[in-house]
Amino acid sequence: MHRRLIAPGALAAASLLLAIPASAADYRPGAPGIGDPYYPYYGNGGYDVSHYDIRLTYRPQTDELAGTTTLLATTTQNLSRFDLDFLLDVSEVRVNGAKAAFTTSGQHELEITPAGPLPKGTAITVVVRYSGVPSTKSAYGFSTWHRTPDGAVAADEPESAWWWFPSNDHPLDKATYDVSVAVPQGTQAISNGTLQSTVSGPGSTRYNWRSDKPQATYLTTLAIGRFDITTGKTADGVPVVNAYSKDLGADDGAARASVERTGEIVDWLTGCFGPYPFSSVGGYVPDTTTGYALETQTRVYYSPRQFAGGSNTSVVVHELAHQWFGDDVSLKGWKDIWINEGFARYAQWLWSEHEGEGTAQELADYVYASHPADDAFWTVAPGDPGPDNQFDIAVYDRGALAVQALRNAIGDDAFFAVLKGWPKKHAYGNASVADFQAYAEKVSGKPLADLFDTWLFRPAKPAARAAVLAQRATAPVRPKSWKSIEATNDVHGG
């Protein structure tokens, strides 16, 4: 170690510099993106949100929404200004009580300049007042606000917040939520977490929901309409709240026969992944024309189309598995989507085993044999698929093959220890594919770099010997569960 001698005069000068506050030149704008290469302008730099208080009034007939969102945050740099991701029309912004200047830029940036610069480590309260008609707004040529005959739904991935509340819209910045929505009498507002209260006034009812565990912005949902709501509890006492549009028609019975098994499925998944991580669970089926389902935290969104062919518990298993893999432990970057989808798909394979409709190994054999070596399926790398292939079927099926290969390589004892330990180790946080590999190596005591590279990153079909699949003299038979699993292939598609 080399020591540098400093004269007393120099020490005095240094002390004086430390006493002088940072000059205006030391403050800079927060980045208009959090740094995700898949989506460069999603999220923002310069601050970290701890809580959102969203207070809204909504008129279903006209799709008019008005509200105030209050964000509690802490600056992570010396800030001259910062951005929020938002699309509606803003009338006022305050930062720590003082009015702030604001403007818009890009596709969805709300630029806020506080009355004075904000030093790093400052606790800030940001209040945004706004209004608008969400269905008239779009960014990048699309909208994630879905009108229904009796209201609207906000549920989409990787973004949905911009249409109803200003946010730091990236999974890296998770926060707790209070969502309060006033709607006309006879209409209900459903969101995440637990219903704290309902307050009726002249011609309207206000629904107050709370999510008390960290939650990603895209996992925050809002459904407004006329619903039939059912309640219950899991074996461990977790409240179950399900909701069904009163206009589901022929899909109503199949939807209920599937979603009403939520408590049973959560109890079973607890045996696979460990204790359920949140204070409530459930799902809702609104009267939408979309085709996908989404693991919105504690309150899963299901399209009626998921049940157009009859009941399907497999899709319920998929979305509930995300409560551990994707919601409790969220991805660090969107390239880590395998952490979400590979394990949610594999949960469907485990459910197939549980139901006696084909083992995970039989499903792996069938998927592997179904895609010849020249199939484009093998060119998608689930460990980093790129934004255009983020929800490609290979992320799901090849991703699940990788999970089965891991199970075969380390044995069931270590494998299920990994499945249960992972959500506990990274509870309510974020993690990457590299983090998962390191954790699996630590638990199993085995080097796994080649296995992960083979299954998640190489753009080629693994050789049969690398596949560690069952040795069969004939082509594998399609497992009985395959039809219901295949029906969920567009689970995150349009």
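Between S279 and D212 there is a side-chain heavy-atom pair separated by less than 4.5 Å. Residues L88 and W163 fail the side-chain proximity criterion, which asks for heavy atoms closer than 4.5 Å. Looking only at side-chain heavy atoms (C-beta outward), Y58 and E64 stay at 4.5 Å or farther from each other. The shortest side-chain heavy-atom distance between R398 and V380 does not fall under the 4.5 Å cut-off. Looking at N168 and T217, their side chains never come closer than 4.5 Å, going by heavy atoms from C-beta outward. A 4.5 Å side-chain heavy-atom check between L118 and N78 finds every atom pair outside the cut-off. N389 is not listed as a side-chain neighbour of V395, based on a closest heavy-atom distance of 4.5 Å or more. Within the 4.5 Å cutoff, the side chain of E295 has no heavy atoms near those of the H318 side chain.
A distance of 11.0 Å separates OG1 of T454 from CG of L448, quoted to the nearest 0.5 Å. S330 OG to F325 CZ: the interatomic distance, rounded to the nearest 0.5 Å, is 12.0 Å. The OG atom of S131 sits 8.5 Å away from the CG atom of L65 when rounded to the nearest 0.5 Å. To the nearest 0.5 angstrom, C272 atom SG is 12.5 Å from F343 atom CZ. Note that CZ of R345 is 13.0 Å distant from CG of L350, once rounded to the nearest 0.5 Å. Taking OH of Y302 as the reference point, atom CD of E319 lies at 6.0 Å (rounded to 0.5 Å).
For F415 and Y346, the ring centers are positioned less than 6.0 Å apart.
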Between Y38 and D388, does a side chain to side chain donor-acceptor pair (under 3.5 Å) hold up when you go through it step by step?
CA-CA 9 Å; Y38 278 24; D388 292 340; over 6 Å; no
Just do the side chain to side chain contact (heavy atoms under 4.5 Å, CB included) check on H426 and W422 with the steps written out, would you?
CA-CA 6 Å; H426 293 281; W422 175 254; 3.3 Å; yes
Please test K233 against V238 for side chain to side chain contact (heavy atoms under 4.5 Å, CB included), starting from the C-alpha separation and ending with a verdict.
CA-CA 5 Å; K233 288 186 177 180; V238 178; over 6 Å; no
Would you check, one step at a time, whether the test side chain to side chain donor-acceptor pair (under 3.5 Å) holds for H322 with Q297?
CA-CA 9 Å; H322 276 308; Q297 191 163 306; over 6 Å; no
Please test K446 against L406 for side chain to side chain contact (heavy atoms under 4.5 Å, CB included), starting from the C-alpha separation and ending with a verdict.
CA-CA 11 Å; K446 294 187 176 183; L406 174 65; over 6 Å; no
Would you sort out whether Y52 and F165 count as a ring pair (Phe, Tyr, Trp, His ring centres under 6.0 Å), showing the intermediate values?
CA-CA 9 Å; Y52 291 90; F165 70 97; 5.5 Å; yes
Go through the steps for W338 and Y396 under the test ring pair (Phe, Tyr, Trp, His ring centres under 6.0 Å), then give the verdict.
CA-CA 8 Å; W338 173 72; Y396 296 74; over 10 Å; no
I'd like to know whether F102 forms a side chain to side chain contact (heavy atoms under 4.5 Å, CB included) with T113, so could you lay out the CA-CA distance, the side-chain angles of the two residues, the decisive distance to 0.1 Å, and finally the verdict.
CA-CA 6 Å; F102 61 90; T113 304; over 6 Å; no
Can F452 and F457 be said to form a ring pair (Phe, Tyr, Trp, His ring centres under 6.0 Å), step by step?
CA-CA 7 Å; F452 275 71; F457 296 101; 8.1 Å; no
Please lay out, stage by stage, how F278 and W324 fare under the test ring pair (Phe, Tyr, Trp, His ring centres under 6.0 Å).
CA-CA 9 Å; F278 304 116; W324 285 263; 8.4 Å; no
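No side-chain donor-acceptor contact under 3.5 Å links T148 to the backbone of T288. Side chain of Q188 to main chain of I224: no donor-acceptor pair is present (N/O by atom type, distance under 3.5 Å, no hydrogens or angles). Side-chain atoms of K335 do not come within 3.5 Å of backbone N or O of Q390 as any donor-acceptor pair. Side-chain N or O atoms of H170 include none that pairs as donor or acceptor with a backbone N or O of I34 at under 3.5 Å. At least one donor-acceptor pair under 3.5 Å links the side chain of K461 to the backbone N or O of H371. The closest donor-acceptor contact from the side chain of Q323 to the backbone of T298 lies under 3.5 Å. The main-chain N or O of G43 is never found under 3.5 Å from a side-chain atom of D169 such that the two would form a donor-acceptor pair.
Checked against Y301 for a side-chain hydrogen bond (donor to acceptor under 3.5 Å, both in side chains), the options T290, D156, T221 give a single hit: T290. V443 pairs with exactly one of D413, I410, V418 by the side-chain contact (heavy atoms from CB on, under 4.5 Å) rule, that one being V418. The only member of F86, Y130, Y42 that meets ring pair (Phe, Tyr, Trp, His ring centres under 6.0 Å) when paired with W162 is Y42. Among V316, I265, V315, the single residue meeting the side-chain contact (heavy atoms from CB on, under 4.5 Å) criterion with S258 is V316. Here the options are Y140, Y41, F142, Y39, the test is ring pair (Phe, Tyr, Trp, His ring centres under 6.0 Å), and the partner is H108; only Y140 passes.
With respect to K332 and D435, a salt bridge is recorded, a charged nitrogen being found less than 4.0 Å from a carboxylate O. Checked for salt-bridge contact, R458 and D450 meet the test: a charged N lies under 4.0 Å from a carboxylate O. Taking the charged nitrogens against the carboxylate oxygens, D89 and K137 do have a contact shorter than 4.0 Å, which makes a salt bridge. At a threshold of 4.0 Å, the pair D178-R210 counts as salt-bridged, since one of the basic side-chain nitrogens sits closer than that to a carboxylate oxygen.
Remark: R94 CZ is packed, more than 12 non-hydrogen atoms of other residues, nucleotides or ligands lying under 6.0 Å away. Around NZ of K120, the count of heavy atoms belonging to other residues, nucleotides or ligands within 6.0 Å does not exceed 12. Within 6.0 Å of atom OH in Y207, more than 12 heavy atoms from other residues, nucleotides or ligands are found, so the atom counts as buried in its surroundings.
Looking only at atom types and distance, the side chain of T194 has a donor-acceptor partner in the side chain of Q196 under 3.5 Å away. Side-chain polar atoms of D63 and S135 form a donor-acceptor pair below 3.5 angstrom. A donor-acceptor pair shorter than 3.5 Å cannot be found between the side chains of N242 and R261. Side-chain contact of Y47 with D83: a donor-acceptor pair under 3.5 Å is absent, judged by distance alone. A donor-acceptor contact closer than 3.5 angstrom links the side chains of S280 and R299. There is a side-chain donor-acceptor pair under 3.5 Å between S211 and Q215. Inspection of the T488 and Q348 side chains reveals an N or O donor paired with an N or O acceptor under 3.5 Å. A donor and an acceptor atom, one from each side chain of R206 and S180, are located under 3.5 Å apart.
Classified by interplanar angle (parallel below 30°, tilted 30° to 60°, perpendicular above 60°), the ring pair W351/W268 is perpendicular.
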